[in-house]
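Here the structure is a predicted model, which means the values were calculated and not measured.
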Amino acid sequence: MKQLMLGNAAAARGLYEAGCCVVSSYPGTPSTEITEEAAAYDEIYAEWAPNEKVAMETAFGASLAGKRSFCGMKHVGLNVAADPLFTVSYTGVNAGMVIAVADDPGMHSSQNEQDSRHYAAAAKIPMLEPSDSGESHAFFKLAYDLSEQFDTPVLLKMCTRVAHSQSVVDTGERVERPVKPYEKNIAKYVMMPGNAIRRHPVVEERTRKLAEYAETSPLNRVEDGSDHSLGIITSSTCYQYVKEVCGDKYPVLKLGMIWPMPAGKLRDFAASVEKVVVVEELDPFIEDYCRSLGIPVTGKELFPLEGEFSQNLVAEKLGLPVPHGVKLDEAVPARPPVMCAGCPHRGMFYTLKKNKVTVLGDIGCYTLGAVAPLASIEMTLCMGASISATHGFNKALGKDSEGKTVAVIGDSTFMHSGMTGLANIAYNQSNSTVIILDNSITGMTGHQQNPTTGYNIKGDPAGKIDLEALCRAMGFERVRVVDPYDLAACDAVLKEELAADAPSVIISRRPCALLKYVKHKAPLVVDVDKCRSCKSCMRVGCPAISMKDGKAAIDSTLCVGCGVCSQLCKFDALKEGK
């Protein structure tokens with residue numbers, strides 16, 4: 001049956017139809033919906049793991065047991081899972097194992113623009129790269145067959161445009177697969193040096209066989225054109241841009257299997273045209289491989305190394321007509337991202353700024369604490385780095401930074417990779433303060449559950465980690481809990497913990513204001529007669545507050561009545577509404 005589907009939904013459908021039984025992932029845009037959609041199928045066991053490394057190891061365990069498995073993550077998540085990735089390449093699999101990694105050209109929701117294709121080459125694992133929803137569906141199904149045929153995990157590289165755009169998918173029925181019996185095989189699965197050294201030649205031979213497969217696979221196809229003065233090699237969304245711009249004018253070699261690449265097909269294609277141009281986003285991965293084969297190509301001399309491409313960019317760089325756009329006569333005001341009205345993090349960040357504290361931050365929606373007017377966070381690196389970096393910062397500067405520096409990290413990020421950093425503080429004893437921003441959900445990627453919420457991916461009751469007990473068990477005697485809506489309490493607790501001569505944890509706890517079960521108060525109202533236009537209420541950067549006709553104004557459609565702004569008003573102009 002033909003359906004219009006998001007690329008991520010189509011990928012999940014492919015998993016379902018291929019008989020996948022176990023899915024373990026960590027949410028990360030733009031990959032999240034693959035797992036959310038897969039969880040909707042009753043035949044698939046799906047879960048959110050604490051991090052990507054755990055997810056990949058779980059998927060490997062399921063494969064080892066004989067059932068087809070999957071794990072999904074965004075590009076930076078593959079960094080976290082790189083340890084098992086490189087070794088599962090050596091062990092191979094039992095039942096099929098598929099790994100999706102979603103890149104983010106343009107950094108719509110990421111801290112870097114890394115190109116995951118390098119992981120496929122470095123780990124010697126095949127990688128497929130769909131260019132639309134239809135291919136996402138088909139490639140994910142095929143990946144399981146390749147995984148079992150070649151005894152390897154298979155990487156599927158998505159990207160933001162493929163994951164979050166829609167196209168037609170021809171869906172089918174699920175095919176149940178018999179459980180592949182698990183057989184004890186120490187030489188294959190126990191990667192001690194004596195065994196691993198014997199597996200490396202197996203990996204190299206597998207790569208040679210996969211390269212032979214790539215030569216004749218329909219994943220890599222040549223589409224002829226009328227003008228052979230130019231030939232284009234491309235993949236993923238760039239293929240869509242090339243076809244929209246060029247139509248059938250130039251021959252196109254479309255690579256659906258991006259590693260290993262078909263050397264013979266590339267040479268034959270280059271020989272059939274006068275000039276070859278490689279169109280690919282981010283790094284010159286295809287281009288460099290072509291050059292290693294002695295094929296003269298043009299690539300990054302024309303196209304940028306940074307950002308997403310577009311139809312107009314491709315047309316411009318290929319010397320084709322670029323459609324004229326329409327420009328507004330007036331400049332559109334910038335709308336930088338901002339924490340939501342009633343966000344529980346706002347009060348804590350205001351308190352940190354007020355006390356002129358150096359704040360080392362982490363990955364989550366609270367990273368917006370770096371944005372004016374709060375402008376509190378001074379560093380964000382990767383998941384969990386806030387705690388480790390604060391420890392190093394304080395060890396380097398000693399008394400010059402202790403009592404003036406804190407780490408801030410969300411509850412989900414803390415479970416992901418903050419615990420080891422916290423253990424380091426406890427073990428190596430820096431006088432560091434860590435603030436866990438517990439909003440009871442994984443907020444940035446769309447309200448996924450995590451080990452601190454007490455619910456699993458389906459919303460059913462699950463194991464719940466007690467953050468206070470955990471921190472104390474890790475060696476912290478000073479563990480405080482504070483409501484970030486209470487500015488006076490936040491200020492008092494922060495001052496006390498910074499002054500204490502001991503490591504400490506502050507848990508800033510209030511649920512995300514957007515959670516459906518959170519009951520809000522009535523919107524605040526402004527007593528314009530009392531308002532002195534001092535703009536103190538504006539210092540928290542709440543989008544529900546503005547100035548109109550020289551007076552504070554509350555947008556009743558946004559305000560959740562949290563009362564943080566009213567605590568800043570010295571003239572009692574902000575009142576509880578009805």
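Between atom CG of residue Leu514 and atom SG of residue Cys512 there is a gap of 4.5 Å, rounded to the nearest 0.5 Å. Taking NZ of Lys74 as the reference point, atom OG1 of Thr32 lies at 8.0 Å (rounded to 0.5 Å). For the atom pair NZ of Lys157 and CG of Leu78, the computed distance is 12.0 Å after rounding to the nearest 0.5 Å. Here the CD-CH2 distance, from Gln449 to Trp48, works out to 10.5 Å after rounding to the nearest 0.5 Å. Separating the OG atom in Ser417 from the CD1 atom in Ile409 is a distance of 6.0 Å, to the nearest 0.5 Å. Interatomic distance, His137 NE2 to Glu135 CD, rounded to the nearest 0.5 Å: 12.5 Å.
The one candidate from Asn112, Asp104, Asp103 that meets the side chain to side chain donor-acceptor pair (under 3.5 Å) condition with His75 is Asn112. No option in Thr442, Asn51, Asn439, Thr445 other than Thr442 meets the side chain to side chain donor-acceptor pair (under 3.5 Å) test with Ser412.
Between Glu212 and Lys209 there is no salt bridge, since none of the side-chain N atoms of the basic residue sits less than 4.0 Å from a carboxylate O of the acidic one. Using a 4.0 Å cut-off between charged side-chain N and carboxylate O, Lys265 and Glu215 make no salt bridge. Between Glu204 and Arg206 there is no salt bridge, since no side-chain N of the basic residue sits under 4.0 Å from a carboxylate O of the acidic one. Using a cut-off of 4.0 Å between Lys/Arg side-chain N and Asp/Glu carboxylate O, Lys188 and Asp151 are scored as salt-bridged. Ion pairing between a basic and an acidic side chain is recognised when a charged N comes within 4.0 Å of a carboxylate O; Lys243 and Asp248 show such pairing. Contact check on Glu148 versus Arg68 returns a salt bridge, with a Lys/Arg side-chain nitrogen under 4.0 Å from an Asp/Glu carboxylate oxygen.
Aromatic rings of Phe309 and Tyr241 (six-membered ring for Trp) have centroids beyond the 6.0 Å cut-off, not under it.
For Glu173, the CD atom is loosely surrounded, since the number of other residues' heavy atoms within 6.0 Å does not exceed 12. Within 6.0 Å of CG in Leu558 there are more than 12 heavy atoms belonging to other residues, nucleotides or ligands. Taking a 6.0 Å sphere around CZ of Arg198, one finds it holds 12 or fewer heavy atoms contributed by other residues, nucleotides or ligands. Counting non-hydrogen atoms of other residues, nucleotides and ligands closer than 6.0 Å to NZ of Lys254 gives a total above 12.
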Discussion item. Run Ile99 and Leu85 through side chain to side chain contact (heavy atoms under 4.5 Å, CB included) and show every step you take.
Written reply: CA-CA 9 Å; Ile99 304 160; Leu85 177 75; 3.8 Å; yes
Legend entry - Worked check of side chain to side chain contact (heavy atoms under 4.5 Å, CB included) between Met383 and Tyr26: CA-CA 12 Å; Met383 301 281 276; Tyr26 183 80; 3.4 Å; yes
Report task. Apply side chain to side chain donor-acceptor pair (under 3.5 Å) to Ser229 and Glu274, showing your working. Result -> CA-CA 5 Å; Ser229 64; Glu274 297 176 21; 5.3 Å; no
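Considering all non-hydrogen atoms of both residues, Pro30 and His164 come closest at CB-CE1, 3.6 Å. For Pro296 against Val276, the heavy-atom pair with the smallest separation is O-CB, 4.1 Å. Heavy atoms only, all atoms of each residue included: Ser235 and Ile258 are closest at OG-CD1, 3.9 Å. Scanning all heavy atoms of the two residues, the minimum distance from Met379 to Ala389 falls at CE-CB, 3.6 Å. The two atoms that bring Ser136 and Met158 nearest to each other are OG-CE, 3.5 Å, heavy atoms only. Listed here is the closest heavy atom pair of Thr413 and Tyr366: OG1-OH, 3.2 Å.
Considering only heavy atoms from C-beta on, Phe60 comes within 4.5 Å of Thr91 through its side chain. With contacts defined as side-chain heavy-atom distances shorter than 4.5 Å, the pair Cys159/Thr237 qualifies. Residues Met261 and Leu266 are in side-chain contact: their nearest non-hydrogen atoms beyond the backbone lie under 4.5 Å apart.
Side chain of Arg199 to main chain of Ser89: no donor-acceptor pair is present (N/O by atom type, distance under 3.5 Å, no hydrogens or angles). Not one N or O on the side chain of Ser167 forms a donor-acceptor pair closer than 3.5 Å with the backbone of Asp132. The closest donor-acceptor contact from the side chain of Lys141 to the backbone of Ala18 lies at 3.5 Å or more, if one exists at all. The backbone N or O of Leu282 lies less than 3.5 Å from no partner atom in the side chain of Glu113, so there is not a single donor-acceptor pair. Listed for the Asp83 side chain is no donor-acceptor partner under 3.5 Å among the backbone atoms of Lys53. Panel note: side chain Glu37, backbone Glu33; no donor-acceptor pair is recorded below 3.5 Å. A donor-acceptor contact shorter than 3.5 Å links the side chain of Thr58 to the backbone of Val54.
Relative ring orientation between Tyr90 and His200 is described as parallel, the plane-to-plane angle staying below 30° on a 0-90° scale split at 30° and 60°. Ring pair Phe140/Phe70 is tilted by interplanar angle, where 30° to 60° counts as tilted.
Counting only N and O atoms by type, the side chains of Gln240 and Gln311 include no donor and acceptor under 3.5 Å apart.
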